[in-house]
Amino acid sequence: MTPDELSQALSTALASAVADGALALPADAVPASVHVERPRQREHGDWATNVALQLAKKAGTSPRALAEELAGRLGATPGIQAVHVAGPGFLNITLDAAAAGELARTIVETGAAYGRGDSEAGKRVNLEFVSANPTGPIHIGGVRWAAVGDSLARVLEASGAEVAREYYFNDHGAQIDRFARSLLARARGAAAPEDGYGGQYISEIADAVIADALAAGEPDPRELPDVEAQEVFRARGVDRMFTEIKASLHDFGVDFDVYFHEDSLHESGAVDRAVARLRDAGRMFEKDGATWLRTTEFGDDKDRVVLKSDGEAAYIAGDIAYYLDKRERGFDEVIIMLGADHHGYVGRMMAVCAAFGDTPGTNLQLLIGQMVNLVKDGQPVRMSKRAGTVVTLEDLVDAVGVDAARYSLARSSVDSTIDLDLDLLTRATNENPVYYVQYAHSRTCAVDRNAADRAVSRQDGFDPSLLDHATEAALLGRLTEFPRIVAQAAELREPHRVARYLEALAGDYHTWYQQKDRRVLPYPDEAVQDVHRTRLWLNDAVRQVLANGLALLGVTAPERM
RNA sequence: GCGCCUGUAGCUCAGUGGAUAGAGCGUCUGCCUCCGGAGCAGAAGGUCGGGGGUUCGAGUCCCUCCAGGCGCACCA
């Protein structure tokens, strides 16, 4: 019996009580589905509901009386072993072992599809994340979005959404000019320009640009006049950086469907078109020689300049055009993950969304994530290129590997600032919970290998009623939750819930495994019996769910460690 | 000054109104006579930042104060 079926049974019990006149509840107060949850305390059964507490007042009765009424009607339902009324009016439900144990077979037979659902079905989602500027390698802050964003995309896809992963490549404007000037200065052995970029990578990129140009049969860009030289360093430098970023993300297991170039919006006239459209809609006004969007009309705290008094487009003009472009490509939900240092954009971007006649929060969703801090010896370390405390994506992967990096970044809520310990990165990595989960998975695989040797197979003799131990009930209950966890992670845009779930599941598995009288394999002097075959189903169900969950996080599920 | 986020065990963090607030790491005590000890069982460790309020019930919702982070451009 699944939680959905149980919820349905409760709903039916309520409806019949109302129909009988046993319950004086208005028909519209009967919930279509009753919320059931896993109680924290094992003694409280497999499932619990507070529905009696919530409806008692409306029904003009006491919570306990209502609960008793429901318990009586529910007791006869097949698959339910016991229903108890507890505390102020909780309904605690225990399923019979066979009904619960059936799940092991269901999961194994469903395979990789177990956990998938349709809660986001029919949605076309554009998910933008990372979008780091091409003026340097991706540092630790961007890596967090890579890990979380890609997992979110996977979770949304598992819930039925069609997802495009998109990277906004910021290759237009003053930052890029500074980048180009920095490359040129370095190439000519001059000091970095004021507010330019000074990292070691600048030298490497500058050298690469020269090599690329020469290889292409072009003159040495250092010898060109300043303006032309800077243009060569800009174009080739950005291209180099772009290639590097793409490659390191790929090595991290993150591939984008679209790398969108900001420059293209300006070149194609998309910016002009978007601005014209807002102007026609009466959302723009002129003041002080500039053209403004009246974002205050939609809740922003101040109006925004879109076209500066010198005629140039302000940065937001690109964002406006980009948003419109995504919508015109047919995405009904445009999601953008941003760092906390960009949270000031929320008001203006939501206003842009509304100005186009769209619904903020639906057509446009901005997810703000907090920053990653570096910590050494318990003290915060400012990221500084000169001090060598910039941790890039590649540094992180070199230190701990892709699995540990992705997992540790994806297992926390993005609302929390993360402290990353520099010493921990360079020391032993076994403290990462990813190993706890992966170990559980490889254990299930070890059991499978040994089972094959002992000729224990899932061929015949599956008897779910044999899964009657407390540790088995706990494990089955946990396995039941997986589809809900995935749906919830998608709905709330919180993929870290998957990681936390896997840790709990791994814990339940280890506990079960450790029970000496619950071995999958018979002892040497013992014959293979149905209990062994049946437990193998459970073992394999756990393996499947661990594998499915790790896949949602972009982490491997090793068969051996 | 205004806005967003955070404050939970020694540390890093879970906990979208439920019952006795959890995990990992760290500390202490046990467990390899058989499926992998990267594991398990147990112990110690908490005014859930403070104070009000809503509710049958608040770590969770509301108000307020305190502390920390991040923002408040005709920069990108």
Side-chain angles (χ1 to χ4, degrees), chain A residues 37 39-41 43-44 48-50 53-54 56-57 62-63 86-90 92 133 135 170 172-178 195 262 287-292 301-302 304-310 312 314-316 318 339-347 368-371 373 375 378 380 408 411-421 424 430-433 435-436 438-440 442-451 453-454 456 488 491-492 494 496-497 499-501 503-504 506-507 509-516 518-525 532 535-536 539 560-561:
Chain A
E37 60 187 11
R40 253 198 279 265
Q41 252 64 39
E43 317 84 74
H44 293 151
T49 178
N50 60 358
L53 286 155
Q54 288 174 334
K57 191 173 279 184
S62 78
F90 290 106
N92 292 338
N133 289 335
T135 53
N170 219 296
H172 183 88
Q175 284 188 116
I176 293 298
D177 293 339
R178 281 205 291 275
D195 67 5
E262 182 191 2
K287 194 181 106 183
D288 302 334
T291 303
W292 302 62
D301 52 1
K302 59 190 75 159
R304 305 292 168 178
V305 169
V306 177
L307 300 177
K308 298 190 276 189
S309 52
D310 65 4
E312 289 290 308
Y315 184 76
I316 195 175
D341 52 341
H342 288 70
H343 79 258
Y345 294 8
V346 175
I368 302 299
Q370 301 301 310
M371 319 295 273
N373 293 326
V375 175
S408 58
R411 75 185 286 267
S412 296
S413 159
V414 294
D415 285 340
S416 296
T417 321
I418 291 185
D419 288 340
L420 220 75
D421 193 319
L424 221 63
N430 276 9
E431 295 169 32
N432 193 315
Y435 297 104
Y436 185 76
Q438 288 184 317
Y439 182 62
S442 52
R443 232 182 191 179
T444 62
C445 294
V447 168
D448 282 340
R449 289 191 294 269
N450 297 330
D453 291 345
R454 284 299 310 271
V456 177
Q488 192 178 54
E491 183 199 342
L492 300 174
E494 292 183 350
H496 76 276
R497 288 169 184 273
R500 299 297 174 152
Y501 167 82
E503 290 168 30
Y509 178 74
H510 286 311
T511 299
W512 175 63
Y513 177 91
Q514 216 81 24
Q515 303 297 315
K516 292 303 177 191
R518 294 282 138 176
R519 292 163 45 99
V520 173
L521 302 189
Y523 284 102
D525 57 347
H532 305 117
R535 286 177 197 151
L536 185 61
N539 178 80
R560 288 190 167 84
M561 291 173 69

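The chains referred to below are lettered A, B, ... by the order of the sequence lines, with proteins before strands, and numbering in each begins at 1.
Between the Asn539(A) side chain and the Arg535(A) main chain, no donor and acceptor come within less than 3.5 Å of each other. Proximity of a side-chain donor or acceptor of His510(A) to a complementary backbone N or O of Gly507(A) within less than 3.5 Å is not detected. Remark: the backbone N or O of Ser442(A) is not paired with any side-chain donor or acceptor of Arg560(A) at under 3.5 angstrom.
Across the interface with RNA chain B, nearest-nucleotide mapping of Gln41(A) and Lys516(A) shows Gln41(A) to be the residue nearer the 5′ end. If you find the closest nucleotide of RNA chain B to Met561(A) and to Pro524(A), the one lying nearer the 5' end belongs to Pro524(A).
The interatomic distance linking Asp415(A) (CG) with C13(B) (C1') rounds to 13 Å, in whole Å. Straight-line distance from the CD atom of Glu503(A) to the P atom of G24(B): 9 Å, rounded to whole Å. Atoms CG (Leu521(A)) and P (C35(B)) sit 9 Å apart, rounded to a whole Å. Atom P of nucleotide C31(B) and atom OH of Tyr513(A) are separated by 19 Å, given to the nearest angstrom. Atoms CD (Gln514(A)) and P (C31(B)) sit 14 Å apart, rounded to a whole Å. For the pair Arg519(A) CZ and C40(B) P, the computed distance is 18 Å after rounding to whole Å. Rounded to an integer number of Å, the gap from NE2 of His510(A) to P of G24(B) is 10 Å. One interatomic measurement links the two molecules: OH of Tyr523(A) to C1' of C32(B), which rounds to 12 Å at whole-angstrom precision.
Here the CZ atom belonging to Arg500(A) is positioned 11.5 Å from the CD atom belonging to Glu494(A), to the nearest 0.5 angstrom. Taking CD from Gln370(A) and NE2 from His343(A), the interatomic distance works out to 8.5 Å, rounded to the nearest 0.5 Å. Atom OG1 of Thr49(A) sits about 9.5 Å away from atom CZ of Phe90(A), to the nearest 0.5 Å. A distance of 11.0 Å separates CE in Met561(A) from SG in Cys445(A), rounded to the nearest 0.5 Å.
The residue Ala86(A) sits close to a base: some heavy atom pair falls under 4.0 Å. Using a 4.0 Å heavy-atom cutoff across all strands shown, Ser442(A) reaches at least one base atom of the nucleic acid. Residue contacts shown for Asp525(A) are absent, as no nucleic acid heavy atom lies under 4.0 Å away. Heavy atoms of Arg560(A) sit under 4.0 angstrom from at least one base atom. Contacts of Ala56(A) with the nucleic acid, taken as non-hydrogen atoms under 4.0 Å apart, are absent.
Under the side-chain contact (heavy atoms from CB on, under 4.5 Å) criterion, Lys308(A) pairs with Val305(A), Asp310(A), Glu312(A), Ala314(A), not counting sequence neighbours. For His342(A), there are no side-chain hydrogen bond (donor to acceptor under 3.5 Å, both in side chains) partners at least two apart in sequence or on another chain. Among residues two or more places apart in sequence or in another chain, the ring-ring contact (aromatic ring centres under 6.0 Å, His included) test is passed with Tyr509(A) by Trp512(A).
To the nearest whole angstrom, the two P atoms, one in A23(B) and one in C40(B), are 11 Å apart. Going from the P atom of G3(B) to that of G46(B) covers 37 Å, rounded to whole Å. Annotation: G45(B) and C4(B) have their P atoms spaced 39 Å apart (nearest Å). Between the C1' atoms of G57(B) and A73(B), the separation comes to 49 Å (whole Å). Remark: the separation of the C1' atoms in C34(B) and C25(B) is 32 Å, to the nearest Å. For the P atom pair drawn from A21(B) and A58(B), the interatomic distance equals 13 Å after rounding to whole Å. For the P atoms, the distance linking U20(B) with G59(B) amounts to 11 Å, nearest Å. Comparing the P positions of C75(B) and C62(B) gives an interatomic distance of 37 Å, to the nearest angstrom.
Closest heavy-atom contact between Val456(A) and Pro522(A): CG2-CD, 3.7 Å.
Stem regions for RNA chain B, each three or more consecutive Watson-Crick or G-U pairs with both distances under 3.5 Å and listed by first number, read B:1-7 with B:66-72, B:10-13 with B:22-25, B:27-31 with B:39-43, B:49-53 with B:61-65.
Applying the 4.0 Å criterion to OP1 and OP2 of C35(B), one finds that Arg518(A) has every side-chain N and O outside that range. OP1 or OP2 of C40(B) has not a single side-chain nitrogen or oxygen of Tyr439(A) nearer than 4.0 Å. Dashed line: the shortest gap from a side-chain N or O of His496(A) to OP1 or OP2 of G15(B) is under 4.0 Å. Within the structure, a side-chain polar atom (N or O) of Thr511(A) is placed less than 4.0 Å from OP1 or OP2 of A41(B).
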Going through the distances and angles, do Arg178(A) and Thr135(A) end up as a side chain to side chain contact (heavy atoms under 4.5 Å, CB included)?
CA-CA 9 Å; Arg178(A) 281 205 291 275; Thr135(A) 53; over 6 Å; no
Pair Lys57(A)-Ser62(A), side chain to side chain contact (heavy atoms under 4.5 Å, CB included): steps then yes or no
CA-CA 7 Å; Lys57(A) 191 173 279 184; Ser62(A) 78; over 6 Å; no
Does the pair Arg454(A) and His532(A) meet the rule for a side chain to side chain contact (heavy atoms under 4.5 Å, CB included), with working shown?
CA-CA 11 Å; Arg454(A) 284 299 310 271; His532(A) 305 117; over 6 Å; no
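Within 90° of 0 lies the glycosidic angle of C32(B), which makes this nucleotide syn.
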Nucleotides 55-63 of chain B: protein proximity per nucleotide (B base, S sugar-phosphate only, - neither; heavy atom, under 4.0 Å)
-B-------
What string of B, S and - do you get for nucleotides 69-76 of chain B, 5' to 3', when a contact is any protein heavy atom under 4.0 Å?
BBSSSBSB
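Side-chain proximity of Ser412(A) to A19(B), C35(B), A14(B): nearest is A14(B).
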